[in-house]
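Working notes, structure below.
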Number of protein chains: 2
Amino acid sequence: MPKKVNIKTIASELGVSPSTVSKALKDSHEISEETRSKIQAYAKFYHYKPNTLALGLRNQKTMALGVIVPEIVHHFFSRVISGIENTASQNDYNLMICLSKDQLSKEIQNIDMLTNGSVDGLLVTVAKESLEKCNFEHFERLIAQDFPIVFLDRVPPNLQIDKVIIDDSAGGYKAAKHLIEKGYRKLAILTTPQHVTVGVDREMGFLKALKESGLTIYPKFDIKVNENEPIDSQIEKLFSQKELPDGIFAVNENYASIALKIAQKRGLKVPDDIAIIGFTDGLISKTTNPTLTTVAQHGYTMGSQATEILLNRIYNKNEAIPNQTIVISTNVVEREST
Amino acid sequence: MPKKVNIKTIASELGVSPSTVSKALKDSHEISEETRSKIQAYAKFYHYKPNTLALGLRNQKTMALGVIVPEIVHHFFSRVISGIENTASQNDYNLMICLSKDQLSKEIQNIDMLTNGSVDGLLVTVAKESLEKCNFEHFERLIAQDFPIVFLDRVPPNLQIDKVIIDDSAGGYKAAKHLIEKGYRKLAILTTPQHVTVGVDREMGFLKALKESGLTIYPKFDIKVNENEPIDSQIEKLFSQKELPDGIFAVNENYASIALKIAQKRGLKVPDDIAIIGFTDGLISKTTNPTLTTVAQHGYTMGSQATEILLNRIYNKNEAIPNQTIVISTNVVEREST
DNA sequence: TTTCGCTACGAAAACGTTTTCGTGTTAAAA
DNA sequence: TTTTAACACGAAAACGTTTTCGTAGCGAAA
């Protein structure tokens with residue numbers, strides 16, 4: 001079977017030099033019409049395609065972007081990736097996707113791998129472990145080297161970087177406002193531990209809205225869910241108190257759907273007895289019964305915007321563009337649970 | 001700032017030749033202890049990492065696998081990718097992920113891109129358009145060239161290839177058996193049009209089980225959903241007939257959850273008045289109310305098994321291994337809807 | 001006839017590695 | 001003292017491109 005052809009084989013097969021072939025394939029005027037069409041015909045017939053590695057090495061440019069996310073089996077991240085892929089492929093860029101599994105070691109390994117010629121730039125959502133341990137040396141090195149990198153969603157603090165983030169605080173604020181407008185007053189929150197900044201920010205905005213309306217939150221209505229322990233039983237506690245809340249804000253879809261299930265199991269009517277509002281507009285919220293009102297964060301937009309910034313950096317490399325922060329706003333998608 | 005170092009810069013910086021540096025970094029005995037440790041210390045200090053492109057070009061081996069799937073915002077595919085990533089990274093392989101968006105042209109483009117030195121092998125789920133048009137030339141070319149490639153889930157027919165598929169027929173069979181055992185007799189099916197083989201296979205198995213139990217299916221209980229038209233109204237038709245089924249088999253999770261919703265809207269009790277069983281064990285099935293019984297297809301396993309076959313081909317390239325077909329079996333996960 | 005200027009092509013270097021082979025130096029063996 | 005062998009290193013080619021520069025051949029102008 002016809003093995004893969006390259007410029008050299010075409011050249012020797014056609015009795016010309018590799019330079020001639022290369023030029024002919026690029027429609028160079030240096031090459032005569034006759035030779036050119038002969039070469040192009042041959043190349044087309046044998047499906048010649050230039051070797052990506054050689055091109056990358058020669059041009060110091062790979063037309064590939066690296067993506068590092070914690071997980072891929074996750075509606076939000078897969079939407080982000082989808083957004084990235086879309087604008088990347090529109091600009092003839094390909095993707096190398098790596099998973100950090102929220103581990104620092106994997107993240108470092110991926111960074112090392114990707115930044116040695118493999119890709120022209122990097123899109124990163126920082127791993128939880130890195131955030132917990134405040135270890136960002138691997139990123140700082142890259143930044144010092146002016147390697148094009150844009151952070152998404154979870155970002156390293158206190159660094160001069162390009163980033164695209166969700167306006168989590170405003171999202172929490174909107175969630176609270178929505179509940180209050182609907183007439184709910186005894187509000188509870190299901191949130192994450194301290195080091196997950198997105199959870200903290202959502203809570204901040206939530207509390208701010210409460211304050212503005214002259215409301216406060218009982219400490220026992222403020223549940224910080226520990227992901228290393230069974231989630232159900234932690235949320236269960238909220239429902240096993242004498243006094244129950246009449247509105248719950250869950251900082252993600254998962255907590256929201258669990259809360260819904262527990263509420264229904266305990267005979268509470270949603271939204272009559274208790275309202276529930278989630279965060280992240282994924283598939284689950286649309287299929288529960290009742291469907292869940294959520295604060296929608298636009299992952300796809302996030303991915304494509306981040307990619308645009310990154311490509312812009314790559315195109316204008318060594319021009320000192322100031323660092324950008326893009327804030328993607330959220331909006332409440334009202335469904336049946338409030 | 002310390003720009004990226006490479007072998008040449010290390011060599012000139014340390015007054016030795018590139019060959020010496022290369023050997024020293026590989027602990028070659030040809031290099032004296034003194035020089036070796038000097039070089040290694042320097043390399044470590046400046047975080048030297050070999051350039052991936054150069055390595056790939058030199059070794060004719062990139063340590064990367066190409067993955068082409070129709071979509072990524074899809075629970076099943078993202079699980080498949082997750083499985084691929086896991087065994088790939090265990091074997092020090094990286095992933096280049098491309099999306100075909102079920103378009104033939106994109107698929108061809110991706111294939112062309114990936115097979116020119118970028119990756120050592122390919123994992124592919126064929127795009128719907130390619131299946132409809134029966135256009136597989138781009139694959140045939142690769143196969144003729146002995147390029148390592150493994151197909152997943154949706155495969156081109158009549159080709160000598162390695163593939164990992166779901167036992168869709170058996171899955172449909174199990175779904176029917178399950179409904180029948182539970183006492184349901186008037187069964188309906190929500191399936192896909194002809195060209196989507198997985199839907200056809202699932203229906204085949206389903207009908208086989210019916211036949212074995214002496215049951216038949218009314219033509220009007222056999223709904224072929226056309227994805228280009230509103231899905232809800234097509235499924236609605238099933239419920240607007242004089243006589244209703246008492247059990248529904250939906251060939252995917254989406255159809256199942258829509259059917260559930262419509263049934264409930266019409267005041268039917270699930271599973272008392274009507275049972276519903278889906279296919280693909282995703283997130284949705286676990287969060288509906290009642291939760292959905294489904295035929296679980298193990299995407300993660302599929303991905304990792306396919307990757308093992310592929311790596312095996314790559315390691316033993318030019319040894320004529322016969323083509324393999326791995327069939328991933330399914331199982332019924334019983335929940336509340338049956 | 002000489003000079004000039006095109007046209008059409010080739011040689012070679014470079015991108016960053018690895019690996020084969022060759023070689024200068026030194027110490028041990030003859 | 002000469003030969004041999006081990007040691008420690010360097011030169012160069014190769015992977016597949018692109019691009020700069022050089023030049024052979026040729027017709028036209030001087």
Side-chain angles (χ1 to χ4, degrees), chain A residues 3-40 42-43 46-64 112-120 145 317, chain B residues 3-40 42-43 46-64 112-120 145 317:
Chain A
K3 269 287 168 192
K4 231 168 185 32
V5 295
N6 60 29
I7 283 201
K8 284 186 177 178
T9 61
I10 298 183
S12 72
E13 210 61 33
L14 259 42
V16 294
S17 79
S19 1
T20 304
V21 176
S22 175
K23 289 171 187 167
L25 292 174
K26 304 188 107 68
D27 281 321
S28 163
H29 59 275
E30 284 185 43
I31 307 301
S32 71
E33 168 57 29
E34 190 195 341
T35 326
R36 205 195 316 169
S37 59
K38 182 179 66 178
I39 291 175
Q40 291 185 355
Y42 188 99
Y46 287 103
H47 293 101
Y48 167 78
K49 292 278 158 24
N51 180 293
T52 319
L53 268 53
L55 267 187
L57 196 55
R58 164 73 218 209
N59 300 339
Q60 298 294 79
K61 194 166 193 320
T62 61
M63 300 305 283
D112 281 347
M113 201 288 139
L114 292 173
T115 55
N116 281 288
S118 300
V119 299
D120 295 341
Q145 287 172 16
K317 196 143 184 184
Chain B
K3 270 285 167 193
K4 233 168 182 32
V5 295
N6 60 30
I7 283 200
K8 283 185 176 178
T9 61
I10 297 183
S12 72
E13 210 61 31
L14 259 41
V16 294
S17 80
S19 359
T20 305
V21 176
S22 176
K23 290 171 187 167
L25 292 175
K26 304 187 108 67
D27 283 320
S28 163
H29 60 275
E30 283 187 44
I31 307 301
S32 70
E33 169 57 27
E34 191 194 341
T35 327
R36 205 194 316 168
S37 59
K38 182 178 66 178
I39 292 175
Q40 291 187 352
Y42 189 99
Y46 287 102
H47 293 101
Y48 168 76
K49 292 277 156 27
N51 180 294
T52 319
L53 268 54
L55 268 186
L57 195 54
R58 162 72 218 213
N59 300 339
Q60 296 296 80
K61 193 166 196 320
T62 61
M63 300 306 283
D112 281 346
M113 202 286 141
L114 292 173
T115 54
N116 281 286
S118 300
V119 299
D120 296 341
Q145 287 173 16
K317 196 143 184 183

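Keep in mind that what you see is a predicted model, and the values were worked out from it rather than measured. A, B, ... follow the sequence lines: proteins, then strands. Residue 1 opens every chain.
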Looking at the side chain of [X], which of [options] is the nearest nucleotide?
{"X": "A:Leu57", "options": "D:dA12, C:dC15, C:dC9", "value": "C:dC15"}
{"X": "A:Arg58", "options": "C:dC9, D:dG16, D:dA12", "value": "D:dG16"}
{"X": "B:Ser32", "options": "C:dG10, D:dC9, C:dC15", "value": "D:dC9"}
{"X": "A:Glu30", "options": "D:dT17, C:dG10, C:dT17", "value": "C:dG10"}
{"X": "B:Ile31", "options": "C:dC9, C:dT19, D:dC9", "value": "D:dC9"}
{"X": "A:Asn51", "options": "D:dT17, D:dC9, D:dA11", "value": "D:dT17"}

Between A:Asp120 and A:Met63, what is the shortest heavy-atom contact and its length?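 Nearest pair, atom of A:Asp120 first, then A:Met63: OD2-N, 2.9 Å.
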Is a side-chain N or O of A:Thr62 found less than 3.5 angstrom from the main chain of A:Gly56, in a donor-acceptor match?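 It does not hold such a pair.
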Closest-nucleotide mapping onto DNA chain D: is B:His29 or A:Asn6 further toward the 5' terminus? I mean the 5' end.
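Closer to the 5' end of DNA chain D: B:His29.
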Would one find a side-chain N or O of [X] under 4.0 angstrom from OP1 or OP2 of [N]?
{"X": "A:Thr35", "N": "C:dC9", "result": "yes"}
{"X": "B:Lys23", "N": "C:dT19", "result": "no"}
{"X": "B:Ser22", "N": "C:dT19", "result": "no"}
{"X": "A:Lys8", "N": "D:dC15", "result": "yes"}
{"X": "A:Gln60", "N": "C:dA14", "result": "no"}
{"X": "B:Ser17", "N": "D:dA11", "result": "no"}

- In whole Å, what is the span from the CG atom of A:Leu53 to the P atom of D:dG16?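 My rounded result for the distance is 10 Å.
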